[in-house]
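Input: a single structure, listed below in structure tokens.
First the proteins, then the strands, lettered A, B, ... as listed; each starts at 1. The shown structure was predicted, so the numbers you read here are calculated from the model rather than taken from an experiment.
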Amino acid sequence: MRQSQMLIPTLKENPADADVISHRLMLRAGLIRQVASGLYTWLPLGLRVLRRVEQILREELARSGAQEVLMPVVQPAELWEESGRWHKMGPEMLRMQDRHQRNFCLSPTHEEVVTDLFRREVHSYRQLPCNFYQIQTKFRDEVRPRFGVMRAREFTMKDGYSFHMDQESLDATYREMHDCYSRILRRMDLRFRAVEADTGNIGGASSHEFHVLADSGEDVIVHALHSDYAANLEKATAAAPPTRPAPTAALTRVATPGQESIAEVSAFLSLPAARCLKTLILDGVDGPVAVVLRGDHALNEIKAQKLPGVTVPLRLAADTAVLEAAGCRPGSLGPLGLAIPTWVDIEAAAVADFVCGANTDGFHYTGANWERDIPLDATRVVDVRNVLPGDPAPDGSGPLALQRGIEVGHIFQLGRVYSAPLAAGVLDRSGASVIPLMGCYGIGVTRMVAAIIEQNHDDAGIIWPRPVAPFDVHVIALNYAKSEAVRTATEGLLQELEQLGFSVLLDDRDERAGVKFADADLIGIPHRVTVGDRGLAQGVVEYRGRRDTENQEVALAALAERLR
RNA sequence: CGGAGUGUAGCUCAGCUUGGUAGAGCACCACGUUCGGGACGUGGGGGCCGGAGGUUCGAAUCCUCUCACUCCGACCA
């Protein structure tokens, strides 16, 4: 491919709207252009990368026995009404009407359609298990699209759905997909981690997320330093704390004028934050609910939302509601004498001689103790905090560490959440109708391209891993327009390399050397070969890997071998 | 949806406070010089200053409304 014939609009300056590195580089290297918020056009170079990623997915999925299909982006409301999601889904689902005023949506996902396909066409246990996937456009009207294609509204996703007679079969396919995803990410040379994930409102037995490790990632993942334990922050737990020491201090009410935050109270009383308990009041279904945490711990909202009586989504109670429930402002709350349902984090329940608010503005207690001063109902002791780096892993293997990641894949077991309401039964050996179990497996394809760049770049530009690079070799022909020798050598080289199966981008533009080199670094093709009169006089060209800092002279005839 | 910010040439931005003929750099076109890490000179093309209304003799500039985009938060299989 000749660069003069290809639209690769590189930018010297950083676009004002791009903050994260991948977004910036994708714009600067001419991979994508924004059309509207969260909507992008993929330009020729970017599309080639996307296609290579897709190709790897197809190869690995085929190896795992999945069959490719293609389902529509526009879907009828009827199917979503059957599953109950037409009304459950919020405004992130874009709805529309056709000319007959029939309702449709732009598909955010395809469970309904694939289940409909299944129930129409598959009727016997002998056809199970089966596993369908597609690589298709999704649309989710995100409240806040950001980070370029990382969180776009329209994006490409590989989504797969499997159907099973029993849990054992579902487990087997689930494991196969877990392996498949790991192979895919390894093939792309990505550093990643598969972590246990919260199953969300769908429920189901297992769920794993695949995260590409990157500091710019939106998610926090937790892993044990000395074992395989890994989970996302929403789900991660620490080992239970040691049993609570016996009380030694007397309960004392102290004036703490103007000291409201844990930091202030802890400094004022010269006690570590871990000895101060913080009490949060949340909106509840039947009135406010309190949660008590250690002062140095943060509330885990996902865990808190699962507590009975807490509203979903979780909301902190307004100051007026706090005053009504406890008789004070939020800065002086404490569990002692609090007359609303109170959940206590397991770590908070393990502290003795602690500080807490006195439910009177400007006063706290010191030397407070559970049981002696405040009743503690064991069924109200729960895990509702975010783990911290250094916390002990739940498997007892040692400390936990935290890292940021980009969620590029998610697999989970759906059970019968869709197959049951859509009545997708098949007959078993005895002729009885059985509702199959389903699994669901997603990879964000466009997001994956951004994640690859987050992990593979330097100050000059992108550094594509070979398996996904838009081209294998970038031939920089210097003075191509004027030098007959360069043209002849380049054409020969191009033919030879392409015959050997390399895809080659030839920079035949009438540009100065500096411009070509800078663009080459920005675009990030793994192998760069410079052909110029200077080298040709000695019968050599120059080779430079994208990560190299020096050129190597290579005899023209030996280049193909060098690239192997 | 709450908070903040930005809209001026293809890109990055100045001009706005204090109203008076719309600018710079890069990019683009032509010619010349140059030619191995983002060249230089000369000339040129390109703008409904996001949109609408208002104030004014006169609005990119002041006022009101509106739209778009970005950031922070909330939300998110």
Side-chain angles (χ1 to χ4, degrees), chain A residues 9-20 23-24 27-28 30 33-39 85 88-93 107-111 138-148 150-153 155 157-161 197-204 207-210 218-219 232 234 301-302 305 312-316 407-414 417-418 439-444 447 460-461 476-483 486 507 509-522 528 530-537 541-542 544 549-551 553:
Chain A
T10 56
L11 301 173
K12 260 190 226 180
E13 298 186 77
N14 274 326
D17 287 346
D19 257 0
V20 293
H23 187 196
R24 234 168 26 217
L27 289 167
R28 286 193 52 208
R33 283 295 183 265
Q34 177 166 321
V35 174
S37 180
L39 305 177
R85 288 209 287 183
K88 255 189 231 161
M89 296 288 280
E92 69 271 19
M93 186 157 83
S107 65
T109 176
H110 282 78
E111 281 87 0
K138 299 277 188 274
F139 189 93
R140 293 180 194 175
D141 199 356
E142 294 281 349
V143 191
R144 182 144 106 80
R146 58 183 128 176
F147 305 150
M150 198 99 87
R151 180 165 294 276
R153 291 194 291 178
F155 56 99
M157 182 165 164
K158 173 258 134 188
D159 51 326
Y161 309 88
D198 185 74
T199 44
N201 43 15
I202 290 180
S207 175
H208 286 84
E209 290 171 353
F210 289 78
E218 291 186 272
D219 299 299
N232 68 19
E234 294 176 350
E301 300 191 7
I302 302 295
Q305 280 181 21
V312 179
L314 173 139
R315 268 192 320 271
L316 278 174
E407 182 191 348
V408 294
H410 195 170
I411 60 177
F412 48 95
Q413 299 194 352
L414 292 173
V417 175
Y418 298 98
C440 171
Y441 321 95
I443 288 182
R447 176 183 285 186
I476 311 291
L478 298 178
N479 201 22
Y480 182 88
K482 299 224 181 75
S483 167
V486 167
D507 192 347
R509 296 174 303 165
D510 189 11
E511 291 285 356
R512 300 170 67 84
V515 172
K516 295 190 176 198
F517 290 139
D519 274 350
D521 289 345
L522 184 57
R528 189 181 89 187
T530 305
V531 181
D533 288 312
R534 208 169 68 187
L536 287 179
V541 294
E542 283 149 41
R544 182 155 165 179
T549 51
E550 300 281 327
N551 287 335
E553 294 197 339

Earlier contact from the 5' end, RNA chain B, for Gly444(A) and Phe517(A): Phe517(A)
B/S/- contact track for nucleotides 25-35 of chain B, protein heavy atom under 4.0 Å: BSS------BB
Asp507(A): side chain to side chain donor-acceptor pair (under 3.5 Å) partners, not counting sequence neighbours: Arg509(A)
Identity of whatever pairs with U18(B) - Watson-Crick or G-U, under 3.5 angstrom: none
Donor-acceptor pair, side chain of Arg544(A) and main chain of Arg528(A), under 3.5 angstrom: no
Distance (rounded to the nearest 0.5 Å) between Leu27(A) CG and Thr10(A) OG1: 12.0 Å
Between A24(B) and A59(B) - P atom distance, rounded Å: 24 Å
Side chain Lys138(A), main chain Lys158(A), donor-acceptor under 3.5 Å: no
Residues that Arg28(A) engages under side chain to side chain donor-acceptor pair (under 3.5 Å), provided they are two or more places apart: none
Gap in Å between the two P atoms, one belonging to G15(B) and one to G20(B), rounded: 14 Å
Gap between atoms CZ and P, on Arg447(A) and A77(B) respectively (whole Å): 11 Å
Pairing partner of A77(B) (Watson-Crick or G-U wobble, both distances under 3.5 Å): none
Interatomic distance, Tyr418(A) OH vs A77(B) P [rounded to whole Å]: 10 Å
Smallest separation among heavy atoms of Leu414(A) and Phe412(A), with atom names: CD2-CE1, 3.4 Å
Separation of atom CZ in Arg28(A) from atom P in G10(B), rounded to whole Å: 20 Å
Base partner of A39(B), which must satisfy Watson-Crick or wobble distances under 3.5 Å: U33(B)
Sugar-phosphate only, base, or nothing, as touched by Pro15(A) at under 4.0 Å among non-hydrogen atoms: sugar-phosphate
G2(B) and A77(B), which share atom name C1', separated by this distance in whole Å: 25 Å
G-U wobble or Watson-Crick pairing nucleotide for C71(B) (cut-off 3.5 Å, both distances): G3(B)
Least distance between heavy atoms, His110(A) atom then Ser107(A) atom: CE1-OG, 3.1 Å
Shortest non-hydrogen separation from His410(A) to His208(A) and the atoms involved: CD2-O, 3.1 Å
Whole angstrom value for the distance that separates C1' of U12(B) from CG of Asn14(A): 10 Å
Distance, P atom - from U17(B) to G3(B), rounded to whole angstrom: 28 Å
Residue closer to the 5' end of RNA chain B, Gly442(A) versus Asp533(A) (nearest nucleotide): Asp533(A)
Distance, rounded to the nearest Å, where Lys88(A) contributes NZ and C76(B) contributes P: 15 Å
Distance, rounded to the nearest Å, where Asp141(A) contributes CG and A77(B) contributes C1': 16 Å
Same-atom distance (C1') from A30(B) to G46(B), integer angstrom: 15 Å
Partner residues of Arg144(A) under the side-chain contact (heavy atoms from CB on, under 4.5 Å) criterion, sequence neighbours left out: Arg146(A)
Complement of C26(B), any strand, by Watson-Crick or G-U distances under 3.5 angstrom: G10(B)
Between the protein and nucleotides 70-72 of chain B, list the N/O to N/O atom pairs that are separated by less than 3.5 angstrom.
| unit_1 | atom_1 | unit_2 | atom_2 | d |
| --- | --- | --- | --- | --- |
| U70(B) | OP1 | Gln34(A) | NE2 | 3.4 |
| U70(B) | OP2 | Ser37(A) | OG | 2.9 |
| C72(B) | OP2 | Arg144(A) | NH1 | 3.3 |
| C72(B) | OP2 | Arg144(A) | NH2 | 2.5 |

Contacts of Gln305(A) that satisfy side-chain contact (heavy atoms from CB on, under 4.5 Å) - sequence neighbours left out: Val312(A), Pro313(A), Leu314(A)
C62(B) to C16(B) separation - C1' atoms, rounded to the nearest Å: 10 Å
Donor/acceptor link under 3.5 angstrom from Arg544(A) side chain onto base of G37(B): yes
Sugar-phosphate only, base, or nothing, as touched by Leu478(A) at under 4.0 Å among non-hydrogen atoms: base
Sugar-phosphate, base or nothing in reach of Asp521(A), heavy atoms under 4.0 Å: base
Sugar-phosphate only, base, or nothing, as touched by Arg153(A) at under 4.0 Å among non-hydrogen atoms: nothing
Whole-Å distance separating the CZ atom of Phe155(A) from the P atom of A77(B): 11 Å
Lys482(A)/Asp510(A) salt bridge by N-O under 4.0 Å criterion: no
Rounded distance (Å) that lies between atom P of A77(B) and atom CZ of Arg151(A): 9 Å
Nearest atoms (heavy-atom pairs only) where Ala477(A) meets Val486(A): CB-CG1, 4.0 Å
Watson-Crick/G-U partner (both atom distances under 3.5 Å) of G46(B): none
Sugar-phosphate, base or nothing in reach of Glu301(A), heavy atoms under 4.0 Å: sugar-phosphate
Counterpart base for A60(B), defined by Watson-Crick or G-U wobble contacts under 3.5 Å: none
C1' atoms of G25(B) and U21(B), separation to the nearest Å: 23 Å
Spacing of the P atoms in G44(B) and G37(B) (rounded, Å): 32 Å
Sugar-phosphate, base or nothing in reach of Gly535(A), heavy atoms under 4.0 Å: base
